[in-house]
Amino acid sequence: QVQLVESGGGLVQAGGSLRLSCAGAGRTFGRYAMGWFRQAPGKEREFVAAINWSGSYKYYTDSVKGRFTISRDNAKNTVYLQMNDLKPEDTAVYYCAAADKVAGSASEYDYWGQGTQVTVSS
């Protein structure tokens with residue numbers, strides 16, 4: 001089992017950057033694939049990015065390719081989401097999650113954080 005806590009959200013102007021962090025508690029953190037999802041008001045939760053246990057494979061949804069970068073530091077039990085060139089449509093609550101393997105579906109993830117708000121103003 002792993003507990004996840006996100007941080008790093010906030011208010012930023014369009015074109016700005018934020019880096020989200022997700023700290024995991026539990027000795028098995030390094031065994032899990034990790035994903036970032038987001039949910040805007042009135043919308044379903046959507047996949048953003050995922051990374052395998054070693055960091056050698058990364059997967060992004062099309063709308064964030066070239067702007068967002070997922071990475072992890074297993075020694076620190078932390079996964080990151082660097083978000084550049086942010087747009088108003090990136091506004092959402094961002095969640096990190098852990099799964100046995102990289103996946104784009106929320107149903108594949110077993111453990112979730114509480115979320116962190118990202119707001120991008122135009």
Side-chain angles (χ1 to χ4, degrees):
Q1 189 172 0
V2 61
Q3 294 80 43
L4 304 171
V5 179
E6 302 95 336
S7 62
L11 174 63
V12 63
Q13 289 188 332
S17 299
L18 284 174
R19 188 177 81 156
L20 304 184
S21 298
C22 172
R27 290 182 294 178
T28 60
F29 177 85
R31 295 168 53 185
Y32 288 98
M34 298 298 297
W36 285 96
F37 290 77
R38 63 188 181 187
Q39 188 166 19
K43 295 188 177 181
E44 293 187 354
R45 190 169 299 190
E46 67 170 347
F47 171 77
V48 176
I51 188 169
N52 71 340
W53 69 274
S54 68
S56 63
Y57 177 74
K58 302 174 185 181
Y59 172 47
Y60 300 92
T61 192
D62 286 345
S63 63
V64 308
K65 285 180 181 177
R67 301 189 297 123
F68 291 11
T69 302
I70 189 170
S71 62
R72 68 189 298 162
D73 184 341
N74 287 339
K76 296 182 178 180
N77 278 10
T78 302
V79 64
Y80 304 97
L81 185 68
Q82 177 66 45
M83 305 186 295
N84 298 329
D85 189 24
L86 283 160
K87 304 176 180 181
E89 52 263 42
D90 295 317
T91 295
V93 177
Y94 283 71
Y95 299 89
C96 68
D100 289 334
K101 59 182 180 180
V102 170
S105 171
S107 63
E108 297 291 328
Y109 289 79
D110 299 312
Y111 305 104
W112 291 82
Q114 84 289 347
T116 186
Q117 176 71 47
V118 172
T119 303
V120 185
S121 63
S122 57

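Please read all numbers here as calculations on a predicted model, not as lab measurements. Quick note: residue numbers are just sequence positions, from 1.
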Q | Sequence neighbours excluded - salt bridge (charged side-chain N to carboxylate O under 4.0 Å, His left out) pairs with any residue from residues 40-59 | A | Arg38-Glu46
**Q.** Sequence neighbours excluded - salt bridge (charged side-chain N to carboxylate O under 4.0 Å, His left out) pairs with any residue from residues 91-118
**A.** none
Q: Please list, chain by chain and in numerical order, all residues satisfying side-chain hydrogen bond (donor to acceptor under 3.5 Å, both in side chains) with Thr119, sequence neighbours excluded.
A: Gln117
Q: With sequence neighbours excluded, tell me which residues meet side-chain hydrogen bond (donor to acceptor under 3.5 Å, both in side chains) with Lys76.
A: none
Please round to the nearest 0.5 Å and tell me the distance separating atom [atom1] of [X] and atom [atom2] of [Y].
{"X": "Asn74", "Y": "Arg31", "atom1": "CG", "atom2": "CZ", "value": "12.0 Å"}
{"X": "Gln1", "Y": "Thr28", "atom1": "CD", "atom2": "OG1", "value": "9.0 Å"}
{"X": "Thr116", "Y": "Leu81", "atom1": "OG1", "atom2": "CG", "value": "11.0 Å"}
{"X": "Arg72", "Y": "Thr78", "atom1": "CZ", "atom2": "OG1", "value": "10.0 Å"}

Sequence neighbours excluded - ring-ring contact (aromatic ring centres under 6.0 Å, His included) pairs with any residue from [range]:
{"range": "residues 38-72", "value": "Phe37-Phe47, Phe47-Tyr59"}
{"range": "residues 13-32", "value": "Tyr32-Tyr111"}
{"range": "residues 78-100", "value": "none"}

Q) Among pairs that include at least one residue of residues 46-89, which meet disulfide bond (SG atoms under 2.5 Å apart), considering only residues two or more places apart or in two chains? A) none
Q.
Hydrophobic cluster membership, with links at side-chain heavy-atom distances under 4.5 Å among I/L/V/M/F/W/Y: are Tyr109 and Val64 in one?
A. no
Q | Verdict with reasoning, Ile70 to Val79, per side-chain contact (heavy atoms from CB on, under 4.5 Å) | A | CA-CA 7 Å; Ile70 189 170; Val79 64; 4.0 Å; yes
Q: Would you indicate whether the side-chain heavy atoms of Gln114 and Leu4 approach each other to under 4.5 Å?
A: no
Q) Sequence neighbours excluded, which residues qualify as salt bridge (charged side-chain N to carboxylate O under 4.0 Å, His left out) partners of Lys87? A) none
**Q.** Under 3.5 Å: donor-acceptor pair, side chain of Glu6, backbone of Cys96
**A.** yes
**Q.** Test side chain to side chain contact (heavy atoms under 4.5 Å, CB included) applied to Ser56 - qualifying residues, sequence neighbours left out
**A.** Asn52, Ser54
Distance-only donor-acceptor hits, side chain of residues 9-22, under 3.5 Å, sequence neighbours excluded:
| residue | atom | partner | partner atom | Å |
| --- | --- | --- | --- | --- |
| Ser17 | OG | Asn84 | OD1 | 2.9 |

